[in-house]
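Heads up, the thing below is written out as structure tokens.
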Amino acid sequence: VLNAPKPLSLLAALGVSAPSGSNPGALTLAGRLTGNGDRLENMLEGTLGQGRYSLRGVLQPGSDPIAFEQSVELRHPDARALVQSFGSGADSTAGIALPLDLASTLRGTSREGRADKLSMKLGANEVKGSLVYEMGDRPTLEAELYAGELDLAVLSALGGAGSEADQAASGKVDNSKKEGQERWSDEAIDLAALQAYDGRLTLTADHLVLGPYRLSDARVSAALRAGRLTLERLTGRSFGGRVSLTAVIDADGTPAISGD
């Protein structure tokens, strides 16, 4: 049985770093390990903050870096609180909770690896696919994802609160325009997170929803490098016609968008 009220030092010893100011909550771990110092079979479960997880598979603690093959399940009552606990101390208590239910098969090491058979339910949204990761001073993520209907407001909900984020969390987004109210918020968007990592995303969705707009048969290809997000392709059908869009967004600059 393991009980670590402040688990970041333990994660650092395993070669996993976290941003300065992170506070994910206490880590507990219980279960069974069988084998030797070179190869261990595990059936483990525990908690991280308010969340619960399970790990079943094989560990190779004698390798450098530590290698593993694991079936992972994670459930957390509020993904917003979980994400923000690994950030700089933003308020994670405001707004409606955004439940997270995640399962995947992980293969790799503490430095690099991949997640296959990825299934994630986030609020009322469900995404499946795979991703490849590489840790380091600047982590890299590459994801290939598939979704039915995906409300993009959920992504903004992960980073904050407010009425739009709460609607996304509850799955009850009101796209109607009230009298005297604009369709879009005039609040500035904090793009500092674009500086934290590099990545690439390929997304296929039956429907993408953003505010009052709905894009069917959506295909998205995007890359993030050195704080610049490049939307290489966004295509789909909307309002009876085809949509094609490209864009470039800099963390410290002005977006540039083109399309037809």
Side-chain angles (χ1 to χ4, degrees), residues 1-87 89 92-93 97-123 125-136 139-145 158 196-197 199:
V1 177
L2 171 68
N3 189 339
K6 297 181 179 180
L8 295 186
S9 58
L10 176 62
L11 295 177
L14 296 174
V16 180
S17 61
S20 176
S22 299
N23 183 22
L27 172 71
T28 66
L29 180 65
R32 187 177 71 215
L33 291 170
T34 58
N36 53 46
D38 293 325
R39 188 179 189 276
L40 293 171
E41 295 185 4
N42 63 276
M43 295 183 64
L44 305 170
E45 61 182 23
T47 62
L48 178 62
Q50 294 179 306
R52 298 195 61 84
Y53 67 90
S54 66
L55 301 169
R56 290 173 171 80
V58 176
L59 295 167
Q60 295 177 282
S63 62
D64 184 19
I66 295 172
F68 55 81
E69 182 174 340
Q70 299 285 317
S71 294
V72 179
E73 293 184 359
L74 171 66
R75 292 180 175 84
H76 197 284
D78 189 2
R80 280 197 281 189
L82 179 62
V83 169
Q84 292 172 21
S85 72
F86 282 95
S92 61
T93 61
L98 183 62
L100 170 66
D101 191 340
L102 183 147
S104 184
T105 299
L106 302 181
R107 295 181 178 87
T109 71
S110 56
R111 295 178 187 169
E112 60 184 6
R114 62 180 297 116
D116 293 306
K117 299 180 181 178
L118 176 64
S119 175
M120 179 175 67
K121 294 181 180 178
L122 191 60
N125 297 263
E126 183 173 7
V127 178
K128 296 183 178 181
S130 62
L131 65 85
V132 177
Y133 70 88
E134 183 176 342
M135 305 303 292
T140 299
L141 294 172
E142 295 187 6
E144 185 173 359
L145 304 176
L158 286 175
Y197 57 92

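Taking 4.5 Å as the limit, every side-chain heavy atom of T109 sits out of range of all side-chain heavy atoms of D64. Looking at heavy atoms from C-beta onward, M135 lies out of side-chain contact with S110 at the 4.5 angstrom threshold. Between L55 and N42, the closest side-chain pair of non-hydrogen atoms falls below 4.5 Å.
A donor-acceptor pair under 3.5 Å is formed between the side chain of Q70 and the backbone N or O of V58. At least one donor-acceptor pair under 3.5 Å links the side chain of D78 to the backbone N or O of L98. Side-chain atoms of T28 come within 3.5 Å of backbone atoms of T47 as a donor-acceptor pair (strictly under, hydrogens ignored).
Atom CZ in R114 sits 13.5 Å away from atom CD in E134 (nearest 0.5 Å). The distance from the CG atom of L33 to the CG atom of L40 is 5.5 Å, given to the nearest 0.5 Å. Atom CZ of R52 sits about 12.0 Å away from atom CD of E73, to the nearest 0.5 Å. The distance from atom CG of L106 to atom NZ of K117, rounded to the nearest 0.5 Å, is 12.5 Å. Distance check, rounded to the nearest 0.5 Å: CE of M120 to CG of N125 gives 8.5 Å. R80 contributes atom CZ, which lies 10.0 Å from atom CG of L122 (distance to the nearest 0.5 angstrom).
Closest heavy-atom contact between L100 and A79: CB-CB, 3.9 Å. For A115 against S104, the heavy-atom pair with the smallest separation is CB-OG, 3.4 Å. Counting all heavy atoms, side chain and backbone alike, L74 lies closest to Y53 at CD1-CB, 4.1 Å. Between P77 and Q50, the closest heavy-atom pair is CD-O, 3.5 Å. Smallest separation of non-hydrogen atoms from L141 and Y133: CD2-CB, 3.5 Å. The two residues S119 and E126 come nearest to each other via the heavy atoms OG-OE2, 3.8 Å.
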- Could you walk me through whether D116 and S130 pass the side chain to side chain contact (heavy atoms under 4.5 Å, CB included) check? CA-CA 5 Å; D116 293 306; S130 62; 3.7 Å; yes
